[in-house]
Amino acid sequence: MREITFMQATLEALSEEMAKNPKIFVMGEGIGKRGGNFNTTKGLFDLYGPDRLCDTPICERGFVGLAAGAAMTGTRPVIDFMFADFILDAAGEIINQIAKIQYMSGGRLKAPVLLRGCIGIGHSAGTHHSGSYYPMYAHFPGLRVVVPSNAYDAKGLLKQSLNSNDPVLFLEHKSLLTKKCPVPEEEFLIPFGKARIVQKGADVTVVALAMMVHQTLEVCKQLEGEGVSVELIDPRTVAPMDIETILDSVHKTGRLLIVDETFAPCGIGAEIAAQVNDRGFDDLDAPIRRLNGAHSPTPYSPPLEAAVVPQPDRIAQEIRDLMAE
Amino acid sequence: MREITFMQATLEALSEEMAKNPKIFVMGEGIGKRGGNFNTTKGLFDLYGPDRLCDTPICERGFVGLAAGAAMTGTRPVIDFMFADFILDAAGEIINQIAKIQYMSGGRLKAPVLLRGCIGIGHSAGTHHSGSYYPMYAHFPGLRVVVPSNAYDAKGLLKQSLNSNDPVLFLEHKSLLTKKCPVPEEEFLIPFGKARIVQKGADVTVVALAMMVHQTLEVCKQLEGEGVSVELIDPRTVAPMDIETILDSVHKTGRLLIVDETFAPCGIGAEIAAQVNDRGFDDLDAPIRRLNGAHSPTPYSPPLEAAVVPQPDRIAQEIRDLMAE
Amino acid sequence: MNNLELEKKLDLYRGMRTIRECEERLVRSHQRGLIPGPCHTYIGQEAVAVGVCACLRNDDVIFSTHRGHGHAIAKGLHPRELMAEVFGRATGCSGGRGGSMHLFAPEVGLMGTSGIVGPSILQATGAGYSFKVLKTDQVSVAFFGDGAVNNGAFHEGLNMATIWNLPVLFVCENNQFATEVPFHYSSGNPSVAARGAAYGLPGVEVDGNDVLAVYEVAGEAIQRARSGEGPTLIECKTYRTRPHAEGMDDYSYRTREEVDEWKSRDPILRLREILVADNESMKENLGAMDTEVKALIDEAEKFAEESPYPDPLTAEDHVFSANSRKIDHA
Amino acid sequence: MNNLELEKKLDLYRGMRTIRECEERLVRSHQRGLIPGPCHTYIGQEAVAVGVCACLRNDDVIFSTHRGHGHAIAKGLHPRELMAEVFGRATGCSGGRGGSMHLFAPEVGLMGTSGIVGPSILQATGAGYSFKVLKTDQVSVAFFGDGAVNNGAFHEGLNMATIWNLPVLFVCENNQFATEVPFHYSSGNPSVAARGAAYGLPGVEVDGNDVLAVYEVAGEAIQRARSGEGPTLIECKTYRTRPHAEGMDDYSYRTREEVDEWKSRDPILRLREILVADNESMKENLGAMDTEVKALIDEAEKFAEESPYPDPLTAEDHVFSANSRKIDHA
Ligand SMILES: Cc1ncc(C[n+]2csc(CCOP(=O)(O)OP(=O)(O)O)c2C)c(N)n1
Ligand SMILES: Cc1ncc(C[n+]2csc(CCOP(=O)(O)OP(=O)(O)O)c2C)c(N)n1
Ligand SMILES: [Mg+2]
Ligand SMILES: [Mg+2]
C-alpha cells in the first residue's frame with residue numbers, strides 16, 4: 001500500500017469531502033492561497049476558490065463564533081486555527097455556544113463545526129505554541145475530541161468528522177505531521193470512540209495518545225527482550241473514550257499505565273484511571289500508573305523542553321516499575 | 001460565635017484586605033456603586049472610591065487581560081466576574097498569560113490576580129449561567145483554584161488569596177451565598193491545599209465540594225442510623241488538592257466516593273480517583289466511585305435541572321451501594 | 001413613512017401589542033413566582049424588533065440576546081411557545097431546556113438568543129457567511145444591546161462582515177444602560193452608529209421608539225444586504241422602562257422621572273396616536289385589535305400553564321445528534 | 001526635529017544599529033541551526049522601537065509581541081541577555097524558559113513579549129491602570145502589529161484606556177502584513193490611526209521608517225500621558241524586509257521589487273544620510289559607532305554561545321512563587 005504523511009492524509013480527506021459537499025468551507029489565517037501554516041489546505045484554494053478557503057484577520061473568537069452561526073444555517077465550517085493555543089480566545093464560543101446549541105435548542109439546531117489545528121510540545125516552539133488542551137475539551141459535554149497518532153487514523157477520522165452532525169475538535173500533534181504510514185486509496189471512515197490496539201501483549205496495558213504512541217512503541221521491543229509483553233492501545237478519540245477496549249485489555253493484563261504528553265491533573269489519564277478503577281477493579285493486580293508531561297508551562301530551551309515531556313527511557317522505566325508492583 | 005453569611009464573610013475579607021493594602025483594586029460589571037450583582041462589594045465604593053472599585057464595560061477578555069498587566073506592575077487586581085461562564089471569553093488571558101507569567105519570566109515577574117465569581121447550578125439560571133469550570137482551571141499549571149463550601153472557609157481562603165503571590169480563581173457557588181455559619185471576628189487565614197474533615201467517620205470516605213458538601217451532610221445522619229459511618233472531606237481548594245488527607249481517610253475506611261456537581265470526564269473526581277488508586281491501592285476494599293452531575297449542558301426547566309445535579313437521595317444510594325461492594 | 005399602507009402600519013401595531021401583552025403577563029407571572037428563572041423584558045423597546053422583523057422574510061434569520069422575547073415573537077414565534085418555554089414546559093420552543101434567554105425556532109428564522117453578551121453578533125455574521133457560500137439571497141440580523149458595543153465580538157464581527165461584504169444587519173438597541181452601568185460611562189465614544197466608520201460600513205442612527213422610522217431604515221439596509229451591497233450598522237436609541245430583569249432594583253441608577261419621561265415616548269402609544277390622528281375611527285379598530293391580542297395571549301398563557309413539564313428522564317437528550325446517544329460506534 | 005540635539009540623534013542611530021547588528025547575527029545563527037526555536041526579526045522597523053523608547057524613562061514600561069527583539073533592546077535589555085535567551089541559555093533574560101517570543105526584563109521596564117497576538121494591548125492598559133491606582137507618573141506602551149488591529153483585544157483595550165484616561169501609548173506597527181495576509185484584506189478600514197476616533201482617543205499616523213518623526217510623535221503622546229491627558233494611538237507605517245520568521249518563504253505574497261523598494265527607505269540609512277548631510281565629517285563618527293556596536297554584539301554573541309544551558313532539574317521551577325514549591329501548606 002502507498003505510504004503518505006499525516007499532512008497528506010488530512011489534506012486528502014478534506015479535499016475529497018470538499019469535492020463532494022459544497023457546503024464545506026474552511027477559515028483560518030493563511031489557509032487561502034498560502035495553503036496553511038502546516039500545509040493543511042495546500043492547493044485547495046485553486047480548486048475551491050476564496051469563499052471556501054477564506055483567509056481571516058487575526059480574530060479567533062470572531063471566526064469561531066462565526067462558524068457557530070454558519071453551521072446553524074446550513075453550511076459546514078472547518079476552522080483551521082493553526083495552533084490550539086490561539087483558540088483559547090474562542091473558548092466561550094466553543095464551550096458555551098457550539099457545544100450547547102444542539103442541547104439548548106432541544107435538538108432543533110445542529111452545529112457541525114470542525115475545529116482543527118496543531119498541538120504538542122517540540123522544536124522549542126515556546127509556551128504559547130505548545131499546548132494540547134484535549135483534556136479541557138473532553139471535560140465539556142457536546143464536543144467530539146479527536147487526537148490521531150498516524151496518517152491512517154487521521155484520514156479516517158477527519159472524514160468521519162466531516163460527516164458528523166456534532167462539533168468536533170481535531171487536534172494534530174505537530175511532530176506527527178510529516179510521519180508516513182500506509183493509507184489505502186479507497187474511501188474509509190473511522191468511527192469516533194473506537195480505540196486501536198497498536199500492539200497486542202499479555203503483561204501490561206499501556207494507553208498512549210498522539211506522539212506518545214510512537215514513544216511507547218519505541219520501547220516495546222526492548223521490553224519484549226526483557227520479557228515484558230506490552231499491549232499498546234491508542235484511544236484515537238478522547239471524547240468519546242473507548243473504555244471497553246481498555247477494560248478488556250486490563251482484564252487480560254491486570255496492569256495499566258497511561259502515557260500522555262500533556263498535564264496530569266484532571267487529564268485523560270485521570271479519567272481512564274477512574275473508569276478502570278471503577279469498572280475493572282477486580283482485574284487490577286497493581287495500581288494504575290500515569291506518566292504525564294510536567295505540570296508546568298512549556299519551556300523554550302531544549303534541555304528544559306525535553307525534561308517536561310515523557311521520553312522513551314522514562315516510559316520504559318515506568319513499565320518496568322509497574323511490572324515490579 | 002457570631003454567624004454570618006458566605007457573602008458577608010467574603011465582603012469582610014475583601015474590605016479588611018483593601019483597608020490594609022492600597023494596591024488592591026476591584027474590577028467588574030456593576031461592582032462599583034451598585035455593590036455587585038451578588039453584593040460582593042456592597043458598600044466598598046463609598047469606602048475606597050471609584051479607582052479601586054471600578055465598573056467595567058462588558059469586555060471580560062479585556063479586563064482580565066488588563067489585570068495581568070496591572071499585577072505585573074505592582075497592583076493586586078481583583079476581577080469580580082459575576083458568573084464564571086463569562087470569563088471563558090478570557091480563557092486565553094488566564095491560561096496563557098496570567099498563569100504563565102511567573103514561569104515564562106523565569107520568576108522575575110508575578111501575577112497576583114484574584115479572579116472571583118459565581119458557579120453552580122440552581123434557580124433555573126439556564127445553561128449560560130450555571131457552569132463550574134474548576135476542573136478546567138485545575139488542569140493548567142500556575143493557578144490556585146479555590147472552591148469554598150461555607151462562610152468560614154470563604155473568609156479564610158479569600159484572605160489567603162489576597163496575600164498570595166500566585167493567581168487565584170476563587171469560585172463561589174451561588175446557592176451558598178446566603179448560608180450562614182460561625183465566623184470569628186479575629187483575623188485568620190486558611191492555607192491552600194489543606195482539606196477540612198467535615199465529619200469524622202469509619203466506614204466510607206466521601207469527598208465533596210461546594211454545594212455537595214451540604215447535600216452529603218444531609219444524608220450522613222440518615223446513614224448513621226443505617227449503621228454507616230461516613231467520613232466527609234471537603235478539599236476546599238482543588239489546586240492544590242490535599243490528597244494526603246484523603247489518603248489518610250481511605251487508609252482507614254477502604255472506601256471512597258467523590259461527589260461533585262460538575263462534569264465527570266477529566267474532572268476533580270477523576271483526579272482524586274487516579275491519585276488514590278495510585279498511592280492508596282492497597283487500602284482500597286472496593287472500587288472508587290464518582291457521583292457527578294450529568295454530562296450535559298444545564299437545562300432550564302426545574303425537573304430537568306434537578307435531574308442533572310446529584311440529589312441527597314442519589315448520594316445516599318451511592319454510599320449504600322459502595323458499602324455493599 | 002406616512003405613505004406606508006395602512007395595513008402594514010396595523011401589522012406593526014399588532015406586533016408591538018402582542019409582545020407587550022405577552023410580557024406584561026410574564027411580569028405578573030414572575031411576581032407570582034410562576035417563572036422559575038430570570039426574565040428580562042423588552043417593554044419599551046418593541047419598535048425595534050417589530051420594525052426590523054417586518055422587513056424580513058421567513059427564511060431570513062435573526063440572532064438575539066438575553067432580552068430576546070420581543071425579537072422571537074416579532075420573527076414569528078408563537079407566544080404560546082415562548083410562554084411555555086419561559087414557564088419551563090415541554091411544549092416551549094426549546095423544549096424547556098432553554099428558558100427565557102435561550103429561545104430557538106429555526107422554522108421561523110429565530111436561530112437563537114444567548115445568555116452571554118456578544119455571540120449574537122458573531123453568529124449573525126456566520127449566517128451571512130453561509131448565505132454567501134450557499135449563494136442564496138437571505139439576510140441575517142444581529143440584535144444586541146449597547147453593552148455589547150465595547151465587547152470584542154462587536155469589533156471582530158463588524159469587521160469580518162465588512163471585509164467579506166456579508167448580508168448582515170447589526171442592530172444595536174442602545175437603551176443607555178447595561179444593567180445599571182450607563183453607556184456614556186462604558187464607551188469612549190457616545191455614538192454607536194459613528195463606529196461604523198471604523199470598519200468601513202454604513203452606520204445609521206434612528207429613533208428606536210419610532211417603529212415607522214425603524215421600519216424604513218431597516219428596510220433599506222435589508223434591501224442593500226439582499227442585493228449584495230453588504231452590511232449595515234443601525235443604532236436604535238431606545239429605553240427599557242422596566243428593571244434590567246424582573247425583581248431587580250430600578251431607581252438606584254436612574255430616576256423615576258427619567259423612566260416616566262420615556263414611558264411618555266412609548267412606541268405603541270406613538271404609533272397609535274399617528275394612526276388615530278390620520279383617522280379618528282381607527283380607535284375602534286385598534287381597540288378590537290387589542291382585544292384580539294389579549295385573547296391570543298390569554299390562550300397562550302393558558303397553554304403554557306397547562307403544559308406538562310419535561311420528563312426528567314430526557315434531561316440528557318440532545319447533547320449529541322444521532323438520537324442523542326452519547327457514543328456513536330457508527 | 002532637525003533641531004534635536006546631535007547627541008540624541010546619535011543615540012537613536014546607535015540604538016537602531018544595535019538592534020540591526022544583533023538581529024543580523026541572529027539570522028545567521030538561525031541559518032546555521034544554532035537557534036532552536038522560531039525567530040521573527042525586526043529588520044526594517046527599528047525606527048519605531050528606538051523612536052518610542054528614546055522618549056521613555058527607565059521606570060516606564062513596555063509590552064510587546066512575537067516580533068519583540070527590537071523593543072527589548074530599545075528599552076534597555078542588554079543584547080547579551082537577548083541573544084542568550086534566543087540561544088536557550090540559562091543566562092538569557094528569561095532564564096531560557098521564554099525564548100525569542102517571551103522576553104522579560106522588568107528592571108528596565110520590559111514587562112514582556114507575547115507569542116499570542118493581542119495581549120500586549122491589554123497588559124499595557126493594565127499597567128496604565130496600575131499607575132493610576134498607585135498615583136505615579138509612569139507611562140505604559142503597547143507595541144503591536146497591524147494583525148492585532150482587527151482583534152477584540154484592540155477594541156477592548158483602547159476603549160478601557162480611553163474611558164479611564166490611562167497613561168498608555170498604543171503603538172501599531174503597520175508593516176502591511178500579518179504573516180502573508182495583507183492588512184488591506186483584513187481590515188474594513190485602511191487606516192489604523194483613524195480608528196482612534198471610534199474610541200474617542202487621538203490617533204496619529206507617522207512614517208515608521210523615520211526615527212525622528214517617531215521620536216517627535218511619541219514624545220508628545222508620552223508627555224500627554226504623563227501629565228494625565230490620557231492615551232494616544234500611533235500608527236507607524238513601516239515594513240519588515242525579512243520574511244515573517246526566519247526560514248519562511250517570502251515572495252509568495254509580495255514581490256522582490258517591493259521589498260527592495262522598502263529597503264531603500266531603510267530607517268538606519270535614512271538617519272545616517274540626514275546626519276551626514278548636516279555634517280560630512282559625521283561619517284567617521286558613525287563608522288566608529290558601527291565598529292563599537294559590532295564589538296558589543298560580538299561580545300554578546302560570544303557570551304550567549306558560551307553560556308550554559310539551564311539545568312533540566314530546574315524545568316519545573318517558577319510555576320508558583322514561594323520557592324516554586326507546588327503546594328504551599330503555608
Ligand atoms: C459576556 C457577559 N458578561 C456579562 C453578562 C451579564 N449581563 C447580562 S445582561 C448584561 C447587560 C447587558 O446590557 P446591554 O447589552 O446593553 O443589553 P440590555 O440589557 O440593555 O438589553 C450583563 C452585563 C453576560 N450575560 N455576558
Ligand atoms: C491569537 C493568535 N493568532 C494567530 C497567531 C499566529 N501568528 C503569529 S504572528 C502572526 C501575524 C502577526 O501579524 P502582525 O500583528 O501584523 O505582526 P507582524 O508579524 O507583522 O509584526 C500570526 C497570525 C498568534 N500568534 N496569535
Ligand atoms: Mg442596554
Ligand atoms: Mg504586520
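Each chain gets a letter, A, B and so on, in the order the sequences are listed, and its residues count up from 1.
Proximity to chain D is limited to the backbone of B:Leu143, based on heavy atoms less than 4.5 angstrom apart. With a 4.5 angstrom heavy-atom cutoff, B:Thr56 touches chain D via backbone and side-chain atoms both. For D:Ala124, no part lies under 4.5 angstrom from a heavy atom of chain B. Residue contact with chain D, scored on non-hydrogen atoms closer than 4.5 Å, is absent for B:Pro77. Heavy atoms closer than 4.5 Å to chain B are found in the side chain of D:Glu107, but not in its backbone. Both the backbone and the side chain of D:Ala105 come within contact range of chain B, with heavy atoms under 4.5 Å apart. Using a 4.5 Å cut-off between heavy atoms, B:Asn96 touches chain D through its side chain atoms alone. Of the atoms belonging to B:Pro112, not a single heavy atom falls under 4.5 Å from chain D. Contact of D:Met160 with chain B is made through the side chain alone, with heavy-atom distances under 4.5 Å. Proximity to chain B is limited to the side chain of D:Ile163, based on heavy atoms less than 4.5 angstrom apart. Interface remark: B:Asp55 contributes backbone atoms only to the contact with chain D (heavy atom separation under 4.5 Å). Interface remark: D:Ser114 contributes side-chain atoms only to the contact with chain B (heavy atom separation under 4.5 Å).
Checked by atom type and distance alone, the side chain of D:Gln123 never pairs as donor or acceptor with a backbone atom of B:Gly69 at under 3.5 Å. For B:Asn165 (side chain) and D:Ser321 (main-chain N/O), no donor-acceptor pair under 3.5 Å exists by modelled atom type. The main-chain N or O of B:Ala70 is found under 3.5 Å from a side-chain atom of D:Ser130 such that the two form a donor-acceptor pair.
Aromatic ring centroids of D:Tyr129 and B:Phe25 lie under 6.0 Å apart.
By the 4.0 Å N-to-carboxylate-O rule, B:Arg108 lies too far from D:Glu85 to be salt-bridged with it.
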Derivation and outcome, side chain to side chain contact (heavy atoms under 4.5 Å, CB included), residues B:Ile58 and D:Glu156: CA-CA 9 Å; B:Ile58 305 174; D:Glu156 299 187 352; over 6 Å; no
Audit row: B:Arg61, D:Leu122, side chain to side chain contact (heavy atoms under 4.5 Å, CB included) steps and yes/no: CA-CA 9 Å; B:Arg61 180 179 172 202; D:Leu122 302 174; 4.1 Å; yes
Residue pair B:Gln97, D:Ile116: steps toward the side chain to side chain contact (heavy atoms under 4.5 Å, CB included) verdict: CA-CA 9 Å; B:Gln97 306 292 334; D:Ile116 307 277; 4.1 Å; yes
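Residues D:His318 and B:Ile101 fail the side-chain proximity criterion, which asks for heavy atoms closer than 4.5 Å. Looking at B:Asp51 and D:Lys132, their side chains come closer than 4.5 Å, going by heavy atoms from C-beta outward.
In terms of heavy-atom pairs under 4.5 Å with chain B, the best-connected choice from D:Pro310, D:Gly157, D:Gly109, D:Ala153 is D:Ala153. Taking chain D as the reference chain and counting heavy-atom pairs below 4.5 Å, the highest number among B:Arg52, B:Glu93, B:Lys110, B:Lys23 is found for B:Glu93. Taking chain B as the reference chain and counting heavy-atom pairs below 4.5 Å, the highest number among D:Ala127, D:Gly98, D:Gly112, D:Gly152 is found for D:Ala127. For the set D:Leu103, D:Ile121, D:Val133, the entry with the most heavy-atom pairs within less than 4.5 Å of chain B is D:Val133.
Scanning both residues, D:Met111 and B:Met72, for their nearest heavy atoms gives O-CE, 2.6 Å. Nearest heavy atom pair, residue D:Gly126 against residue B:Thr73, reads O-OG1, 4.4 Å. Considering all non-hydrogen atoms of both residues, D:Phe320 and B:Gly142 come closest at CE2-C, 3.3 Å. Smallest separation of non-hydrogen atoms from B:Pro57 and D:Asn159: CG-ND2, 3.8 Å. The minimum heavy-atom distance between B:Met104 and D:His102, with the atom names listed, is SD-ND1, 3.3 Å.
A distance of 13.5 Å separates OG1 of D:Thr125 from CZ of B:Phe63, quoted to the nearest 0.5 Å.
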